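Heads up: the structure comes next, in structure tokens.
Lettering of chains follows the sequences in order, A, B, ..., and the numbering in each one begins at 1. Not measured: the values here are computed from a predicted model.
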Amino acid sequence: MATVARVVLDSPLPQLDRLFDYRVPAEIEDDCVPGVRVRVPLRSGARMTDAYVVEVVSDDALSPENDFPGELSVVEELVSPVPVLAPEVWQLARAVADRAAGVASDVLRLAVPTRQVRPEKAWLARDLDHVPPRVTPAPVEGYGDAVVESVIDAGGRAAVSAIPHPVLLSAPTTAVADDGAGADPDDTADADTSAATGTSPDTPAPAPAPAPAPAPAPAPAQAPASEPGPTWVPGWAATLAQAAAHTLAGERSAVLAVPDFRDVADLERALLVLVPAERVVRFDAKQTNGQRARALLTARTHPVVAIGSRAAVYAPASELGLIALWDDGDPSFAEQRAPYVHTRDVALVRTAQSGAALLMVSHARSTDVQRLVELGWLQEIGPHRARVPKVIPTAHQTNADGYAAQARIPSSAWRAAREASHDGPVLVQVSNPGFGTGLVCTECGERAHCRVCGGPLGSPHAGSTPQCRFCGALAAGYRCPTCGNGKLKPVGQGAQRTADELGRAFPNTRIVVADGSRPIDEVPARPAVVVATRGAEPDVPGGYACVLLLDGERMLAREGLRVQEDVLRIWANAAAKGAAGAPVYLVGIGGKLANAMALWRLDVPAHEELTDRRELFFPPAVRVATLTGTDEAVTGAIEALGDAPVGPVLGPVPVDDPTPGTVRAIVRFPYGHGTEVAATLKAEVIRRSSTRRVVKGGTKRRAAPALRVRMDDAEPFSEV
DNA sequence: AGCACGCCGACT
DNA sequence: GTCGGCGTGCTC
């Protein structure tokens, strides 16, 4: 009898996307556990591939029918005894890949950083007796008594409307504060700290055996970091942090995914008020591989709160009790690497697998979440007696009477902003950075174009050298080709332009500009006018005194399937940066969207939008698969789908994407057929990849794959 | 991806 | 008869 390791190969080839069996030599048998990295021979003995062990069995347990009948090769090398691939992450990767007709090892590349020796050594040398600090339960505030907590405890799922203003978050005022300060290593009596803080008494606490009870626990290594005082954080961040703290107080992990780096910072600030730093691990794009590896290993050691951007949803958090997303409609959640699975979808798969609770927290509702709400799969939770933004739409009017000197800002909004600017900062949201749309000749008004590529010229700062917006070439000494004049002036309104105008209108007020190239995280709660492009709005402790949303009309003029929900999301998120109940002027917008904002019923447009898309068979009412490849392969794949698709197949149409002669088609299908459709398409990809190969023009060249499949890419619909 | 296997044209 | 062309298919 011998030991057999079942491994997943680190290969992007779809035909290798299954488990392979290898014999485990006796010398490494003890360390060859699920999750470790190994090197194994593949095909010819000399050729090695990296792999992860996902299962270890004894060879008499192998069934002759289901398993490889031939002679097994032998594991070449145990790369490291550290199990970096948690079993549940493997299960997740497998399911996520299957859902997307993709390859599991592609998903693993997102979930597991490359090998890092130093963090692994540190982890192997860790203090096994170390007991992580406890977490004091704190209520999730603003949602009615224990409403959110009971969803978490029951492993439920909810779409949560975020608290639409900043909140002042302070540490729970009980037990743990003394516990940390009072340098008393003898923590005998803190077994029921929860009694002191009145969490819902009727929830039977799903605590999976409070392990840290064993008596001979050594003194805590160091006292917890000094507790931060009350801190202003966005309402959503407080909710996520409190929900995570509640989960962690039950010794279960929470995974919190947010769109970008700034959100991670906000969330971390909130979390550190409630939870010891040791219990918080980060996963984000700005980390080095070493930091990610360290975070990954920490997350496997004891229950933690894993926070971060897209990568966080793959965190190997032990005893997962909660998955929460902030602002699932943000396009940053769309993964850029194969198999392009959206964080929201990963979260859904992981919730289903783990039984963890799921919270989708946002101001504006995405059509995707709306669909789940209408299915009854997510329950709706809203803040209890929240002070919603006082949104005042000012419908578009061309009559100059209604406007002050600055033609973009109606006089009512202008007055309000001026008044508010005495008390605190005023936020002015615009759609474009810099000077907006471009530069024109001061003499003849001709648009200035790049001499290199013909693209439009822009001016990033007042008076700076004009620069091409497309190719970036500097246009020093520009002369108008029409009239020979050498002076240019900006047209359109960007953040800088607006700021310049406002600077003249608010002579004694500080003007701050924040955009993508000049990001500002926070401005003080002092009088100022803050001009920011959408998404770059700085935070203010306590919130802005007034918010002006200026370029809505222009933002809505863009083409695309998701423009409306995107714009609503951008408005709502800016509005929520206002202080509780602060006025928000929505300039130039009327109709349904203005209504939804004014009533703060951001689910209504999502419902209407979804209804429309059902009729048209547009996502997310249906799922889509984009098929690219040779005419024959694409047509064959469509045929193989039988009658699973709904609505007409779009295409195939010729595209030049990888090579001329390629075609693309889009098929739509109901969610209920997803598993079947993905499996069929994956089989087609495998069939084609092991067949097609092309010799071109005498020189051997690798041809583009005969068939590529991408599931749930809504991009093509943005042109519709 | 590599690399072996295998079934048709010019060769000692 | 055989050598070797690269299309086809497999990799525990």
No-hydrogen, no-angle side-chain donor-acceptor test under 3.5 Å, A:W123 and A:T298: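 Distance-only check fails for A:W123 and A:T298.
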A:D713 side chain to A:T626 side chain, donor-acceptor N/O pair below 3.5 angstrom: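 No - no donor-acceptor pair under 3.5 Å links their side chains.
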Sugar-phosphate, base or nothing in reach of A:R23, heavy atoms under 4.0 Å: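 The residue A:R23 makes no contact with any strand.
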Sugar-phosphate, base or nothing in reach of A:L13, heavy atoms under 4.0 Å: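 Base, at least one base heavy atom under 4.0 Å.
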Contact under 4.0 Å: A:R47 side-chain N or O vs B:dC3 OP1/OP2: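 Checking B:dC3 against A:R47, a side-chain N or O does come within under 4.0 Å of OP1 or OP2.
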Separation of [N] [atom2] from [X] [atom1] (nearest whole Å):
X	N	atom1	atom2	value
A:D21	C:dC12	CG	C1'	6 Å
A:Q15	C:dG9	CD	C1'	9 Å
A:R688	B:dA1	CZ	P	17 Å
A:E76	C:dC12	CD	P	13 Å
A:L9	C:dC10	CG	P	16 Å
A:D17	C:dC12	CG	C1'	15 Å
A:I686	B:dA1	CD1	P	15 Å
A:E55	C:dC12	CD	C1'	14 Å

SB check A:R344 A:D368 (cutoff 4.0 Å):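 A salt bridge links A:R344 with A:D368.
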Verdict with reasoning, A:E29 to A:T3, per side chain to side chain donor-acceptor pair (under 3.5 Å): CA-CA 7 Å; A:E29 206 175 311; A:T3 308; 2.9 Å; yes
